[in-house]
Amino acid sequence: MSRILTEVLRAFSGITKCQQLKIHYMGCTRRYASSSAEKRTCLYDFHVKNGAKMVPFGGWEMPVMYAQQGVSASHLHVRSEVGLFDVSHMLQTKFTGKDSVAFIESLVVGDIAALKENQGTLSLLTDTTGGIIDDLIVSKTYQGYVYVVSNAGCAEKDLDHIKKNLAESQGKGMDVNMEVIDNGLLALQGPKMAKVLQTGLDFDLSTLPFMTNILATVFGVPECRVTRCGYTGEDGVEISVPADRAEELANALISSDAAKVCLAGLGARDSLRLEAGLCLYGNDIDEETTPVEASLLWTIGKRRRAEANFPGADIILKQIKNKPKSKRVGFLSTGAPARAGTLVYDETGDRVLGKLTSGCPSPSLSKNVSMGYIETPYAKVGTNVKFEVRKKLINATISKMPFLPANYFT
């Protein structure tokens, strides 16, 4: 087993809180029953046929890697070519009614009203203490509804939270309704994504910049929502596709003559997102961390700060003014890789400053990358620290994130 896969599996085994919840609401599970406690996406049989190693993740049986390509090779292929991920385990919902935007804004920190038609943004579902219930992509559509994609491991918790607030809002006369979308979700990621996808589209992909979406026919499959976004730092799309045609679309993509599309699993997804400086819910952010501590201040819209009407606003705005006690930062290190839970010491090794929440060897940099929380006075880029790995102190340095430049199509 490769060192990277070992570290990824260790990271998955340490996932806590909402990622351990059993999921009951996801769309594709209605078509595929599982004999185990884990659910199966509408592409489970497709993965097995293509030699996937399946592992439990967030209540689901998901591919961690494929027989024809290891984690490191798959990772590097996405960076240089294009890879296909199954993210159908994620929760897709839509909100309709004239008050749908106002309702969503009552739950999240983002300025959703300011989005243009077919534009989206990363936002955070917060609680009254300022903690992060989940991170999610919120998009407006020209069909007049709000489309939301959130984490699979938080689906049950998110839905309970949303339904409770929805009932209260409807009771006050708000015109808003929610529907869970019973679709598969495919992520096509990499610098040659556009070259592959354009051959099967009924529109010009160059007209779809980062964080915008469109309803389109993709390789003959109608009613697909294509959103230019992703979890790798590369140019990419996520395609919401009718579940009964998800395998047809997946086969069309991996059969492309425009570029070699490799299948990629959770292993490559985790190392890619870490190089891109992106959070994994349950590891890097959770209900015990605020957007300010998580270095996600940019998700809070200027208008929302002024109005101070999102959950936990009083605590979050106070942290913005006074600075939090600790904050999320990135680290580079050499030697033995450090993973979640590793203690971070000052340069002398005498004082604990914080701990890591994610870490793995970086296939792109040939160094170890990690992120975690450290006391704010020590959080400056370039600060030397030490990690305690296998009862030994090793050298590390606080680094800017992302560790690699993002290649989003803007």
Side-chain angles (χ1 to χ4, degrees), residues 17-18 91-141 144-151 154-180 211-213 229 279 281 284-328 376:
K17 298 184 180 178
C18 80
L91 176 64
Q92 301 177 69
T93 51
K94 73 176 183 179
F95 296 83
T96 56
K98 65 180 179 64
D99 295 319
S100 57
V101 170
F103 173 71
I104 292 295
E105 285 198 347
S106 73
L107 304 178
V108 304
V109 301
D111 189 349
I112 309 307
L115 295 175
K116 299 176 182 178
E117 283 189 350
N118 292 346
Q119 186 179 20
T121 186
L122 175 72
S123 197
L124 304 172
L125 200 64
T126 52
D127 62 23
T128 55
T129 67
I132 301 171
I133 298 172
D134 200 4
D135 60 322
L136 59 176
I137 301 291
V138 181
S139 300
K140 280 185 176 177
T141 68
Y145 60 82
V146 178
Y147 171 60
V148 178
V149 178
S150 50
N151 286 302
C154 294
E156 183 174 274
K157 180 180 71 169
D158 287 359
L159 284 170
D160 286 346
H161 179 74
I162 292 169
K163 286 178 178 179
K164 176 179 178 292
N165 284 274
L166 185 64
E168 292 175 358
S169 297
Q170 290 171 333
K172 295 175 183 177
M174 288 187 74
D175 176 22
V176 58
N177 291 285
M178 180 189 73
E179 177 186 336
V180 175
M211 291 308 297
T212 61
N213 68 91
C229 67
C279 295
Y281 192 92
D284 309 304
I285 52 175
D286 57 25
E287 292 177 38
E288 303 302 316
T289 54
T290 69
V292 187
E293 293 165 340
S295 300
L296 294 172
L297 187 58
W298 61 270
T299 63
I300 308 174
K302 184 178 179 180
R303 174 180 64 84
R304 304 305 309 279
R305 297 188 204 186
E307 294 177 356
N309 57 359
F310 53 85
D314 53 340
I315 294 171
I316 291 170
L317 294 175
K318 189 177 295 184
Q319 282 190 347
I320 293 174
K321 182 179 179 181
N322 300 325
K323 295 187 178 181
K325 291 182 180 179
S326 63
K327 62 183 295 187
R328 180 177 65 94
T376 300

The side-chain contact (heavy atoms from CB on, under 4.5 Å) partner of Leu91 among Leu136, Ile162, Leu159 is Leu159

Hey, is the main chain of Tyr145 close enough, under 3.5 Å, to the side chain of Lys94 for a donor-acceptor pair?
no

Residues two or more places apart in sequence or in another chain: which of them pass side-chain contact (heavy atoms from CB on, under 4.5 Å) with Met211?
Ile137, Cys229

Could you tell me whether the side chain of Trp298 reaches within less than 4.5 Å of the side chain of Leu122, counting heavy atoms only?
yes

Taking Ser123 for its side chain and Gly110 for its backbone only, find out whether a donor-acceptor pair lies under 3.5 Å.
yes

Partners of Thr96 by side-chain hydrogen bond (donor to acceptor under 3.5 Å, both in side chains), sequence neighbours excluded?
none

Donor-acceptor pair, distance only, cut-off 3.5 Å: does the side chain of Ser169 make one with the backbone of Asn165?
yes

Check: Gly131 main-chain N/O paired with Asp127 side-chain donor or acceptor under 3.5 Å
yes

Hits for side-chain hydrogen bond (donor to acceptor under 3.5 Å, both in side chains) against Lys116, two or more places apart or cross-chain, chain-then-number order -> none

Would you say Asp158 and Thr93 make side-chain contact, with heavy atoms under 4.5 Å?
no

Would the distance check show the side chain of Thr290 and the main-chain N or O of Gly130 forming a donor-acceptor pair, the cut-off being under 3.5 Å?
no

Do NZ/NE/NH1/NH2 and the carboxylate oxygens of Lys164 and Glu168 come within less than 4.0 Å?
yes

Should Cys279 and Arg328 count as side-chain neighbours, where that means a heavy-atom distance under 4.5 Å?
yes

Once salt bridge (charged side-chain N to carboxylate O under 4.0 Å, His left out) is applied, what residue pairs with a partner in residues 304-319 remain, sequence neighbours excluded?
Arg303-Glu307

Do Glu287 and Thr129 have side chains that get closer than 4.5 Å, going by heavy atoms?
no

Heavy atoms, side chains only, cut-off 4.5 Å: are Val101 and Lys140 in contact?
yes

Is a donor on one side and an acceptor on the other found under 3.5 Å between the side chain of Glu293 and the backbone of Pro324?
no

Under 3.5 Å, is there a donor-acceptor pair between the side chain of Asp175 and the main chain of Lys98?
yes

Where is the tightest heavy-atom contact between Ile112 and Val108, given as atom of each residue plus distance?
CG1-CG2, 4.1 Å

Could you tell me whether the side chain of Tyr147 and the main chain of Asn118 form a donor-acceptor pair under 3.5 Å?
no

To check you understand the geometry: which heavy-atom pair defines the closest contact between Met174 and Ala102, and what is its length?
CE-CB, 3.9 Å

Mind listing the closest non-hydrogen atom pair of Leu317 and Ala308 along with its distance?
CD1-CB, 3.5 Å

Atom of Ile316, atom of Pro311 and distance for their closest heavy-atom approach:
CD1-O, 4.2 Å

Going by the rule side-chain hydrogen bond (donor to acceptor under 3.5 Å, both in side chains), which residues pair with Gln119 if we only count those two or more places apart in sequence or in a different chain?
none

With sequence neighbours excluded, residues passing side-chain hydrogen bond (donor to acceptor under 3.5 Å, both in side chains) with Gln170
Asn177

Thr376 side chain to Lys325 backbone, donor-acceptor under 3.5 Å
yes

Given side chains that start at C-beta, do those of Val146 and Phe103 come closer than 4.5 Å, heavy atoms only?
no

